[in-house]
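In what follows, a structure is listed as structure tokens, so that the remarks can point back to it.
Keep in mind that the numbers below use all heavy atoms, side chains included, and drop hydrogens, waters and symmetry copies. All values reported here derive from a predicted model rather than from experimental measurement.
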Amino acid sequence: MSDSEFIDRVKKLGIEVFAVLWQSQGYRFEKDMGAGKGLGSEMIEESACRSLRGAKPKDIWLLPGFKGKFDIFYMCLNSEIWKAYLKEIIDFQMDSGVAGVQIDESSNPFDGIILGAGLCKNCLRGFEDREKLVEDAKKSGFFTFHIIQSRKKEIFKRYFEYLKGRSEENFRELAEYIKKKGGKVTGNFYSLLPNYWNLVKYVDFISFELGFIPYKKGCCSKNHCYYRLGRALDRKKDIVMVPDILTSMLLRDMRRETVIKILRVLIGEALANGGRFMVPYSCYTLLGKPFYPPIEPFEEYHKSAIENRKFFENMESLAEVAIKIDRDKVEMNRFLFPYSWFFKTAKKLADMHIPYDFVFDDDERYRYVLSEEKKWIDGIEKLSVGKMSDKLYVSHYDTKAGEAMFVVNYDVEKKHEYRVKVNVREEIKFDNDGEGVHIIRGNNGQGKTSIQRSILWGFYGEIKDRKGKEVPITSLVNRTSVKDFNLQTGVKLSLIHI
């Protein structure tokens, strides 16, 4: 079956197929592989990005190159020759019938700094102080310049901003080329690093990779941060997350039952945060045997999402707390970025079950706004929706109508159980249109007090216990609901006045 035949077949099932543009990988195969020579030496020499010492760094994302079967060089998108080659690849992909293209290594050549690239003739050509840059970089040392990305020198800061600008220009050019061909565009925005933020406006939906250790206690504890960051970058665009290749390799070596439970948590988490979760990379997993992810969890949640389509399509934030990020001060180092102050603050809020959103500008919708200068405000803790457990992560997104809620339980001891709860509306009707006195009888724990409290709460918005102390909102629901992690409640009273 050819690519075009496969695409035509799945189109009939209502599935869109996206091609991946590997815009940074330049392959050169060994002669005995029987797969051709890959890119010619002339193309490699002209378009491969270079290190401070003029070397051509190899792309470490694809480890089979270390086995000696083929070399994979990090190619530079600032090379017009390489860019023209990529456009020919796009032509081939679009002609095969795909719905769109995902541009991988989206901020090339800025991505290449971690490899020691970013200093080739194509990169340096447009930078005014290139001679001084190279001189200062040599003095600072290879490690300091490329890995730590020192901000101590103004010239380094200016060069990083220059490379980010070139990356945006290159991405925009390829995105517009794809759209002129009638295709949709997305990018691989790994961990939503800051070097991808300026690219979001050119894509039809936001997609990103996330790496984590799925079997380690406390995993997934900050995934909600990335979904909310994506929503802050563009609230109108869908967000899709896929585990990185290393995670696929780790999942591959686990028991199938364990993988299913982990995937249930991750898929449920994505839906709870208004996002989507992509099937992990299959077949190719860096080293060793291939990985074929179980499809059952995806089928379960797909069915649930369809049944509750109205809920998932109309999710809005109920947060009263905003975490304001200053774009000019954000950490650019990909190793330090996950430990940024705003991620730490977000995790603290989530552990307290306090809804939050990320913002980049002032927004009057929020009651509290935290910033790098003011990381905490007394009184926020009162917004907690209930401290049931530090291991319980409650969705902070809900519908306007309040007809449903989504809860994900991260209790490792309970083997990553997950729960989907859609509220059931209980209605109590009295005979004779409620006329007269009605006595409700029942044993302890059957809900009599809950009914009384719900009526008082409906009238006054608060209730007090026998000692005059205000009852927390988490006590408005009965014990069965609390046990099922269903903390949402609402009251509607219909009265007839005579």
Side-chain angles (χ1 to χ4, degrees), residues 1-23 89-104 106 174-175 177-190 200 202-210 227 230-231 234 236-245 247-248 251-252 256 259-260 262-285 290-315 406 418 420:
M1 181 184 295
S2 67
D3 291 343
S4 296
E5 290 172 336
F6 170 78
I7 294 170
D8 289 338
R9 184 173 179 180
V10 297
K11 271 184 179 179
K12 295 176 181 178
L13 299 175
I15 300 173
E16 290 186 337
V17 177
F18 274 68
V20 178
L21 183 66
W22 299 84
Q23 66 163 352
I89 299 297
I90 293 171
D91 290 340
F92 172 78
Q93 292 172 331
M94 294 304 302
D95 290 344
S96 67
V98 296
V101 178
Q102 182 192 64
I103 302 177
D104 194 56
S106 301
L174 291 178
Y177 188 80
I178 294 167
K179 290 182 178 181
K180 286 181 180 178
K181 294 282 183 178
K184 298 178 182 178
V185 177
T186 188
N188 180 2
F189 301 155
Y190 186 86
V200 168
Y202 303 112
V203 300
D204 293 287
F205 61 91
I206 301 171
S207 59
F208 65 99
E209 285 185 7
L210 201 60
Y227 288 106
R231 193 161 296 279
D234 195 321
K236 296 181 179 179
K237 292 178 178 176
D238 287 334
I239 304 169
V240 180
M241 190 270 272
V242 60
D244 65 9
I245 296 177
T247 303
S248 289
L251 291 172
R252 177 198 66 193
R256 181 180 176 84
V259 174
I260 289 176
I262 291 174
L263 289 177
R264 280 173 174 164
V265 170
L266 296 174
I267 303 168
E269 175 192 56
L271 290 174
N273 285 280
R276 306 289 182 267
F277 183 84
M278 194 185 302
V279 178
Y281 292 118
S282 56
C283 299
Y284 175 69
T285 51
F291 170 54
Y292 297 98
I295 303 300
E296 294 89 337
F298 296 91
E299 292 176 335
E300 292 172 15
Y301 273 97
H302 188 253
K303 181 180 179 181
S304 176
I306 292 175
E307 291 175 351
N308 300 283
R309 182 186 295 273
K310 183 179 178 182
F311 166 52
F312 289 115
E313 288 182 348
N314 295 280
M315 299 179 80
F406 200 100
Y418 76 102
V420 182

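- Residues Gln23 and Asp104 come closest through the heavy atom pair CG-O, 2.9 Å.
- A distance of 10.5 Å separates CG in Leu263 from CD in Glu300, rounded to the nearest 0.5 Å.
- Here the closest non-hydrogen pair linking Pro243 and Phe277 is CG-CZ, 3.5 Å.
- Qualifying ring-ring contact (aromatic ring centres under 6.0 Å, His included) partners for Tyr177, counting only residues two or more places apart in sequence or in other chains: none.
- Separation of atoms CD1 (Ile267) and CD (Glu299) is listed at 10.0 Å; rounding is to 0.5 Å.
- Considering CG of Asp95 and CD of Gln93, their distance stands at 10.0 Å, rounded to 0.5 Å.
- Gln102 places no side-chain N or O within donor-acceptor distance of the main-chain N or O of Val20, the cut-off being under 3.5 Å.
- Annotation for Ser96 and Ile7: closest pair O-CD1, 3.5 Å, computed over non-hydrogen atoms.
- Formation of a donor-acceptor pair under 3.5 Å by the Ser207 side chain with backbone atoms of Gly187 is found in this model.
- Atom NZ of Lys179 sits in a crowded spot, with more than 12 heavy atoms from other residues, nucleotides or ligands closer than 6.0 Å.
- In this structure, CG in Leu210 is found 9.0 Å from CG in Leu266, a value given to the nearest 0.5 Å.
- Taking both residues in full, the closest heavy atoms of Phe298 and Val279 are given as CZ-CA, 3.6 Å, listed atom of the first, atom of the second, then distance.
- The line from CD of Glu16 to NZ of Lys11 is 9.0 Å long, rounded to the nearest 0.5 Å.
- At distances below 3.5 Å, not a single donor-acceptor pair connects side-chain atoms of Lys181 with backbone N or O atoms of Ile90.
- For the pair Glu296/Arg256, a side-chain contact is recorded, criterion being any heavy-atom separation below 4.5 Å from C-beta on.
- Rounding to the nearest 0.5 Å gives a distance of 10.0 Å between CE of Met278 and CE of Met241.
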Review point. Please walk me through it: do Phe189 and Val200 pass side chain to side chain contact (heavy atoms under 4.5 Å, CB included)?
Key: CA-CA 9 Å; Phe189 301 155; Val200 168; 4.0 Å; yes
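- Taking both residues in full, the closest heavy atoms of Ile206 and Gly230 are given as CD1-O, 3.5 Å, listed atom of the first, atom of the second, then distance.
- Under the 4.5 Å side-chain criterion, counting only non-hydrogen atoms from C-beta, Ile178 is in contact with Ile103.
- For the pair Tyr190 and Ser106, the minimum side-chain heavy-atom distance is 4.5 Å or more.
- Considering all non-hydrogen atoms of both residues, Asn188 and Glu209 come closest at ND2-OE2, 3.1 Å.
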